[in-house]
Each structure stands twice: as structure tokens, then as C-alpha cells.
Amino acid sequence: MLTASQLDGGWKELRSRIGSTEELEATAKASGALLRRREIKRAEDLLRLALAYGPCGMSLRGVAAWAATIGMGDLSDVAALKRLRASADWLQEIVGSLLARRLEGSAAVSGGRAIRLVDGTTISERGSDRADWRLHYSYDPRGGRTTDCQLTTAREGEHLRRVKVTAGDIWLGDRNFAKGEGLHHVVQAGADFVVRISWNSLSLRTASGQSFDLAKRLKRLAKAERAEWRAVAHAPDGKTVPVRLLIRRKPREAIEREIKRIKEKAARRGRTRRSGKPDPRSLIAAHSTIVATSLEQPAAQIFELYRLRWQIEIAFKRLKSLLHIDRLEAKDPDLIRTWLLAHIIVALLIEDHAAEALDSPPSALGYAA
């Protein structure tokens with residue numbers, strides 16, 4: 001986590017990575033975060049306040065006391081609350097600015113093409129028994145850095161329509177992104193996709209318009225190691241996308257784990273429904289890894305490409321295990337946004353610093369040759 005000492009001794013260097021004094025002042029005023037300058041008179045002081053409250057883990061009372069200690073301003077915890085609540089939109093602009101700087105030259109390349117990973121993770125408020133907020137992430141596996149981030153409530157699901165597609169991109173997503181409208185969004189922009197699917201993720205038809213029963217085809221495979229079919233994915237709005245369906249049989253241990261997961265999920269649902277038995281088609285599909293793609297590379301290369309997705313899972317683990325973004329304390333929605341966005345700003349700064357360190361020779365970091 002960020003520490004209070006880093007907000008003191010290292011503040012100038014940290015602030016320089018976010019923007020100039022003039023930029024911060026202009027955006028803070030335009031967003032309405034800093035219109036009244038009583039206790040907090042400068043935009044960079046307001047930013048320090050948000051970072052102290054979020055990544056530094058201070059309470060509102062602690063933030064107010066810290067601000068007085070360093071001569072920033074004489075704040076009550078209520079005054080700090082009001083300032084921080086009004087800062088969420090401004091912090092979102094700062095996140096967007098940090099991301100915009102890294103868009104060029106940060107792509108992992110497959111045959112000259114940028115690879116983008118897409119996923120989402122949820123965060124629950126304290127005392128909640130459900131997901132309340134969702135982070136939608138796009139990630140560059142070569143640079144090890146985030147390329148886009150959106151914060152929404154958990155009601156807004158994961159979808160490829162959210163991503164900013166550039167012609168030539170290759171987008172990799174899990175089963176949550178296997179939706180016809182999203183796949184069409186990607187190919188319409190001149191990009192390609194590789195998404196994992198289940199037997200019922202997509203509405204599929206043959207090229208001639210006949211029904212394409214994926215579950216039935218999987219059943220006929222028996223213990224075959226691999227298969228490949230062509231189909232057309234149909235979206236609810238009538239749009240269509242040609243897809244290659246690639247099937248590879250899982251190792252025995254992976255099959256057993258997936259079947260166990262399916263049965264346990266069905267049993268949980270059975271507590272409130274008449275039947276707790278899993279769908280037989282799900283048990284059949286559990287034997288295979290199934291991906292849909294618009295690429296024409298050999299199947300083995302497609303599966304290797306899809307394996308890159310683990311990197312975005314690691315990025316989420318860093319957010320939660322190192323920055324503790326999932327330890328949400330606030331209750332007010334605007335204050336929650338400020339708290340979460342302050343964490344994201346720090347995460348982006350850490351990624352930038354790590355990338356610079358990896359690109360620099362040891363001598364530049366103070367190590368002897």
C-alpha cells in the first residue's frame with residue numbers, strides 16, 4: 001500500500017507522474033471538485049487527500065488530522081468527507097489521462113498485432129453478501145500494464161462492447177464475453193477475438209441457416225482429443241458473426257474439478273428450486289475447452305494465445321492482495337468511487353514505475369555493473 005511518508009517526502013516526484021500543477025488545477029475546477037477553496041486551496045492537496053484516504057487506508061478523521069499536521073489545512077472529518085465526495089469525477093479524469101499516455105507503443109504483438117486481454121472483477125461493500133461494484137479492465141500483456149479501466153456498479157455486466165477497439169487488435173476474453181453483439185463490435189472495427197465459450201454461450205447456426213446444436217456435437221465426440229467446426233453466431237439485434245469453434249479435451253484432473261464445480265453449483269441452486277441436478281449438457285461440455293475465434297491460425301496457436309489471459313487475473317490479484325482495493329470501508333456511493341479510483345491511480349503509477357525499471361539498465365537504477 002501507499003504510505004503517508006510517500007505522500008510527504010516523495011510527493012513532488014509522485015505528482016509529476018500524474019500531471020503538471022496547471023493541468024491538475026484546470027481539471028479540478030472544470031469537474032467541480034475544487035470550486036470553494038477554503039480549507040483545501042490547491043488541486044494537488046485535494047489529490048493528496050484522496051490518496052491518503054484510499055491507498056493509505058486512513059479514516060476520514062485520520063485524513064483530517066494528517067492534513068492539519070502537515071499544514072495542508074484545518075479540516076474536520078465532515079469537511080474531509082464533503083471534499084472527497086466531490087472528487088470522484090475528477091479522479092476518473094485523472095485515471096483516463098494516465099491511461100491515454102500509454103496507448104501508443106504498449107501493445108503485445110502477435111505477427112505485428114496488438115493483443116488485448118479483457119476481464120472484470122467485483123468488489124463488495126462492507127457487510128454486503130453480494131457484489132456491489134465492478135472494475136472492467138483491458139490489459140496489455142507485453143507491457144504488463146492496464147490499457148483501459150471503467151468503474152461501474154455490479155449491475156453493469158462484462159461485455160466486449162465496452163472495449164475501445166483498434167483495427168488489428170486481438171481481444172481475448174473468458175465466457176462472460178461470449179456474446180454475439182460483442183463479437184460483432186470487435187470484428188466490425190477490423191479486429192479479431194478469441195473467447196472461451198460454454199455449450200450455450202452463443203446462439204449458433206450453420207452457414208446455410210440451420211440450427212447448430214453444440215451440445216449434441218460435443219456428445220458425439222466421445223473421447224476425441226480435438227475437433228473444429230464452423231458456425232455463425234447470431235446476436236439478438238440480428239447481427240451475425242462467422243466463428244471457428246475449436247475444441248480440445250481437458251486433462252482428467254481438470255474434468256473432475258469442473259464436474260465437481262457444476263454439481264456443487266446445481267446443489268446450491270436446488271435449495272431454492274425443485275431440482276438440484278445439473279444440466280446433462282453442462283456435464284458433457286465439462287470434458288472440453290471450447291473457444292470461439294475469428295482468427296485463422298492453427299488451433300494449437302489459438303489455444304496458446306488464449307493462455308495469456310492468466311496475466312489479467314494476476315493483475316486483479318495484485319489490486320486485492322497488495323493494494324487491498326477489496327477492503328471497501330465507505331458506504332456513500334460518491335465516497336466509494338473516490339476511494340476506489342484513488343486505488344486505481346496508485347495501481348497505474350506502480351505499473352508505470354515497474355515498466356520504467358524493466359526498461360532501464362542496472363546502472364540507471366544505482367546498481368554497479
Side-chain angles (χ1 to χ4, degrees), residues 1-101 123 125-126 133 149 151 319 322-353:
M1 294 180 65
L2 189 67
T3 64
S5 62
Q6 289 171 315
L7 286 181
D8 294 336
W11 173 245
K12 288 185 178 180
E13 198 276 335
L14 190 65
R15 193 214 62 204
S16 68
R17 293 176 175 271
I18 298 173
S20 66
T21 299
E22 294 75 18
E23 290 172 336
L24 291 175
E25 289 290 336
T27 55
K29 183 177 180 179
S31 67
L34 196 60
L35 297 178
R36 302 173 65 186
R37 299 173 182 256
R38 292 181 179 177
E39 305 89 355
I40 301 299
K41 297 179 172 55
R42 300 183 303 169
E44 65 176 83
D45 288 341
L46 182 58
L47 179 58
R48 291 175 79 184
L49 208 68
L51 297 180
Y53 174 62
C56 284
M58 295 185 188
S59 64
L60 291 170
R61 185 172 298 176
V63 165
W66 172 75
T69 299
I70 65 173
M72 183 187 298
D74 188 11
L75 290 169
S76 67
D77 53 349
V78 174
L81 167 66
K82 292 179 179 179
R83 289 292 190 179
L84 292 171
R85 285 180 61 192
S87 300
D89 289 342
W90 179 49
L91 296 181
Q92 182 69 69
E93 287 190 34
I94 292 175
V95 169
S97 177
L98 290 172
L99 291 170
R101 297 177 193 173
I123 297 170
E125 297 174 15
R126 185 174 63 176
W133 297 86
C149 173
L151 173 64
L319 279 173
L322 299 180
L323 289 180
H324 306 303
I325 198 171
D326 56 337
R327 298 181 185 177
L328 186 55
E329 295 293 332
K331 289 290 185 182
D332 179 88
D334 287 330
L335 194 59
I336 287 173
R337 290 180 61 222
T338 292
W339 194 90
L340 292 172
L341 289 165
H343 278 79
I344 293 170
I345 288 171
V346 169
L348 297 178
L349 293 175
I350 291 172
E351 288 179 353
D352 284 342
H353 184 71

Determine whether [X] and [Y] make a side-chain contact, defined as any pair of heavy atoms from C-beta on separated by less than 4.5 Å.
X: Tyr53; Y: Arg48; result: no
X: Leu46; Y: Trp90; result: yes
X: Asp326; Y: Leu319; result: no
X: Ile325; Y: Ile344; result: yes
X: Leu91; Y: Leu340; result: no
X: Trp11; Y: Leu47; result: yes
X: Ile336; Y: Lys331; result: no

Checking [X] now: which residues fulfil side-chain hydrogen bond (donor to acceptor under 3.5 Å, both in side chains) with it, not counting sequence neighbours?
X: Asp89; result: Arg337
X: Ser31; result: none
X: Gln92; result: none
X: Ser76; result: none

Exercise. Output all residues satisfying salt bridge (Lys or Arg N to Asp or Glu O under 4.0 Å) with Glu329, sequence neighbours left out; order by chain, then residue number.
Key: Arg126
Exercise. Go through the structure and list residues passing salt bridge (Lys or Arg N to Asp or Glu O under 4.0 Å) with Arg61, not counting sequence neighbours.
Key: none
Exercise. Can you tell me which residue pairs pass the salt bridge (Lys or Arg N to Asp or Glu O under 4.0 Å) test with a partner in residues 22-35, sequence neighbours excluded?
Key: Glu25-Arg37
Exercise. Among residues two or more places apart or on two chains, list those pairs meeting salt bridge (Lys or Arg N to Asp or Glu O under 4.0 Å) that have a residue in residues 70-83.
Key: Glu39-Arg83
Gap between atom [atom2] of [Y] and atom [atom1] of [X] - 0.5 Å precision:
X: Leu34; Y: Ser87; atom1: CG; atom2: OG; result: 8.0 Å
X: Asp45; Y: Arg15; atom1: CG; atom2: CZ; result: 10.5 Å
X: Leu24; Y: Arg42; atom1: CG; atom2: CZ; result: 10.5 Å
X: Thr338; Y: His343; atom1: OG1; atom2: NE2; result: 12.0 Å
X: Leu98; Y: Asp352; atom1: CG; atom2: CG; result: 7.0 Å
X: Leu348; Y: Ser97; atom1: CG; atom2: OG; result: 10.5 Å

Exercise. Please identify each residue that fulfils side chain to side chain contact (heavy atoms under 4.5 Å, CB included) with Ala86, with sequence neighbours left out.
Key: none
Quiz prompt | Those residues that, when tested against Leu81, pass side chain to side chain contact (heavy atoms under 4.5 Å, CB included) (two or more places apart) | solution = Leu60, Arg85, Leu335
So, for [X] and [Y], which heavy atoms are closest and what is the spacing to 0.1 Å?
X: Ala50; Y: Ala342; result: O-CB, 3.6 Å
X: Leu75; Y: Ala64; result: O-CB, 3.4 Å
X: Ala43; Y: Ala28; result: CB-CB, 3.8 Å

Exercise. For the pair Trp133 and Leu328, evaluate side-chain contact (heavy atoms from CB on, under 4.5 Å) and give the outcome as yes or no after the intermediate values.
Key: CA-CA 10 Å; Trp133 297 86; Leu328 186 55; 4.1 Å; yes
Exercise. Using the side-chain contact (heavy atoms from CB on, under 4.5 Å) rule, take Leu51 and Cys56 through it: C-alpha gap first, then chi angles, then the decisive distance, then the call.
Key: CA-CA 6 Å; Leu51 297 180; Cys56 284; 5.6 Å; no
Practice problem: Evaluate the criterion side-chain contact (heavy atoms from CB on, under 4.5 Å) for residue pair Ile350 and Leu323; output intermediate values, then yes/no. | Solution: CA-CA 10 Å; Ile350 291 172; Leu323 289 180; 4.1 Å; yes
